[in-house]
Amino acid sequence: MELKNKKVLITGGSAGIGKSIIHELTKQGVQDIAVIGRRKEPMEALKQEYPSVNFLTIQANMSRPDELTEAVQLISGEWNELDILINNAGVVSAGLLTELSDEDIINQININLTGLILLTKKSLPLLMKSKGGAIMNISSGYGYIAMPFYSVYAATKAAVGQFSDAMRRELHQYPLHVMTVYPSATDTPMMKTAKMGQMDSPEEVAKVSVKGLLNEKMNVILGGPEREEQIKINFLEPEKIDQFAIANYEGLREGTKNHRAM
Ligand SMILES: NC(=O)c1ccc[n+]([C@@H]2O[C@H](COP(=O)([O-])OP(=O)(O)OC[C@H]3O[C@@H](n4cnc5c(N)ncnc54)[C@H](OP(=O)(O)O)[C@@H]3O)[C@@H](O)[C@H]2O)c1
């Protein structure tokens with residue numbers, strides 16, 4: 001896929017992995033980028049950082065369907081076209097299910113999943129006009145291998161993967177590539193309250209993701225062959241992953257007990 005001159009909408013492009021994806025897109029000659037986020041200032045700062053890019057910055061919350069409708073209307077009015085949708089915005093709240101507030105459960109689902117699905121639905125009339133477009137959905141390693149204390153987050157991310165696969169099959173007659181990225185732990189603002197060991201850099205995740213887009217890969221899985229092997233084990237012999245989770249339970253609990261980025 002050629003990215004030059006493509007019109008891109010990315011959610012959560014003002015920080016972390018999304019911001020690094022914008023950097024990679026500019027290296028590929030992308031000039032028109034619409035960004036959705038809740039806070040205005042970090043989106044406005046992108047205009048200073050990348051003066052050659054025409055940014056459409058849209059203050060909207062992924063959990064508000066009306067704001068997503070308005071966002072797509074704005075893009076339609078400004079561009080009347082859209083080639084690539086990158087569903088990246090996400091939140092996390094870790095903990096035992098019994099400890100999670102109802103609000104954090106509902107908001108993780110609304111932001112990570114319902115909002116992503118609604119924005120895709122609302123963007124599709126524009127995307128379907130593209131002569132060569134794509135939808136890139138950012139899931140998580142936990143979308144393949146769920147871990148204790150991330151029950152709700154993992155559920156949203158597994159659903160994102162299934163949504164991608166279904167959409168790719170549903171849209172096969174359009175020149176729209178649908179792909180999913182499964183990052184491992186990545187050093188972004190989302191991870192400030194988690195105690196993790198080794199993390200990938202957002203720059204690396206973005207590089208691999210955009211390379212996957214260029215090569216029209218269906219799934220971009222961070223973590224190398226070892227991770228791919230674990231995914232196979234999780235599918236064929238889930239009791240082995242259960243044993244890993246049990247053996248590491250207290251460490252996982254300690255490292256994730258304050259992990260919240262909502
Ligand atoms: N970091 C990791 O270890 C990791 C691992 C696997 C998967 N992921 C996934 O990768 C994606 C990006 O994560 P990240 O680590 O880069 O996160 P991040 O550093 O916290 O950045 C999140 C971005 O999303 C925006 N956002 C959050 N909630 C939003 C909402 N309700 N409406 C609109 N925009 C919203 C944020 O802007 P505002 O706050 O201004 O809205 C920000 O631009 C997420 O889907 C995450 O689940 C991350």
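Because the structure is predicted, anything quoted here is derived from the model rather than measured. Hydrogens, waters and symmetry mates play no part in the numbers below; they use all other heavy atoms, side chains included. When a ligand or atom number is given, it counts from 1 through the structure's own listing order.
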At less than 4.0 angstrom from any non-hydrogen atom of [X], what atoms of ligand 1 do you find?
X      : value
Asn61  : 30 (C), 31 (N), 32 (N)
Val91  : 28 (N)
Ala185 : 3 (O)
Gly90  : 27 (C), 44 (C), 45 (O)
Gly16  : 16 (O), 19 (O)
Tyr153 : 6 (C), 7 (C), 8 (N), 9 (C), 46 (C), 47 (O)

Check whether the ring centres of Tyr142 and Phe149 lie less than 6.0 Å apart, and answer yes or no.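 Distance test on ring centres: not under 6.0 Å, no.
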
Check for me whether the distance between the ring centres of His259 and Tyr150 falls short of 6.0 Å.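 Yes - the distance between ring centres of His259 and Tyr150 falls below the 6.0 Å cut-off.
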
Heavy-atom contact under 4.0 Å between [X] and ligand 1?
X      : result
Ala261 : no
Ile111 : yes
Ala194 : no
Tyr142 : no

So which heavy atom in the protein is nearest [atom], and how far is it from that ligand atom?
atom                    : answer
atom 15 (O) of ligand 1 : Thr188 OG1, 2.4 Å
atom 7 (C) of ligand 1  : Ser139 O, 3.2 Å
atom 21 (O) of ligand 1 : Ala15 CB, 3.8 Å
atom 6 (C) of ligand 1  : Pro183 O, 3.3 Å
atom 32 (N) of ligand 1 : Met62 N, 2.9 Å
atom 3 (O) of ligand 1  : Thr186 N, 2.7 Å
atom 44 (C) of ligand 1 : Asn88 O, 3.1 Å
atom 37 (O) of ligand 1 : Ser14 OG, 3.6 Å

Verify the cluster assignment for Ile86 and Met128: are they in a single hydrophobic cluster under the rule of side-chain heavy atoms below 4.5 Å apart?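 Ile86 does not cluster with Met128.
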
When clusters are formed by joining ILVMFWY residues with side-chain heavy atoms under 4.5 Å apart, either directly or through shared neighbours, do Val91 and Val181 land in the same one?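 No, Val91 does not connect to Val181 through the hydrophobic network.
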
Go through Lys129 and Asn80 one step at a time and tell me if the side chain to side chain donor-acceptor pair (under 3.5 Å) criterion holds. CA-CA 9 Å; Lys129 292 196 281 183; Asn80 195 30; 3.2 Å; yes

Non-hydrogen side-chain atoms of Ile58 and Leu74 separated by less than 4.5 Å: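 Yes, their side chains come closer than 4.5 Å.
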
Decide side chain to side chain donor-acceptor pair (under 3.5 Å) for Thr57 and Glu44; before the verdict, give the C-alpha distance in whole Å, the side-chain angles of both, and the deciding distance to 0.1 Å. CA-CA 7 Å; Thr57 54; Glu44 291 306 312; 2.8 Å; yes

Identify which of [options] has a heavy atom lying nearest to [atom].
atom                    : options                        : value
atom 26 (N) of ligand 1 : Gly143, Ala89, Gly115          : Ala89
atom 4 (C) of ligand 1  : Pro189, Ser184, Ser140, Ala206 : Ser184
atom 33 (C) of ligand 1 : Gly141, Ala71, Ala60, Pro42    : Ala60

Would you kindly specify which portion of [X] sits under 4.0 Å from ligand 1, judged on non-hydrogen atoms: side chain, backbone, both or neither?
X      : result
Pro202 : neither
Met191 : side chain
Lys19  : neither

Tyr174 OH: over 12 foreign heavy atoms closer than 6.0 Å: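 Not more than 12 within 6.0 Å, no.
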
I'd like to know whether CE of Met196 has more than 12 heavy-atom contacts from other residues, nucleotides or ligands below 6.0 angstrom.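 Yes - once you tally the heavy atoms of other residues, nucleotides and ligands closer than 6.0 Å, there are more than 12.
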
salt_bridge(Lys257, Glu250) N-O dist < 4.0 Å: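 No.
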
So for ligand 1, is Arg38 a polar contact partner (N or O within less than 3.5 Å, distance only)?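 Yes - when backbone and side-chain N and O of Arg38 are compared with those of ligand 1, one distance drops under 3.5 Å.
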
Using 30° and 60° as the class limits, which term best fits the ring planes of Tyr182 and Tyr144: parallel, tilted or perpendicular?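 Answer is parallel, since the angle falls under 30°.
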
Test side chain to side chain donor-acceptor pair (under 3.5 Å) on Asn137 and Ser164 and set out the steps. CA-CA 7 Å; Asn137 292 323; Ser164 290; 2.8 Å; yes

Criterion side chain to side chain contact (heavy atoms under 4.5 Å, CB included) against Ile36, the qualifying member of Leu9, Leu56, Asn87: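 Testing each of Leu9, Leu56, Asn87 against Ile36, the sole residue satisfying side chain to side chain contact (heavy atoms under 4.5 Å, CB included) is Leu9.
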
Just to verify, which of Thr69, Thr114, Leu124, Val72 counts as forming a side chain to side chain contact (heavy atoms under 4.5 Å, CB included) with Leu119?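 Answer after filtering Thr69, Thr114, Leu124, Val72: Val72.
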
Determine whether Ser63 and Asn110 satisfy the following criterion, side chain to side chain donor-acceptor pair (under 3.5 Å), listing intermediate values before the conclusion. CA-CA 5 Å; Ser63 66; Asn110 283 348; 5.7 Å; no

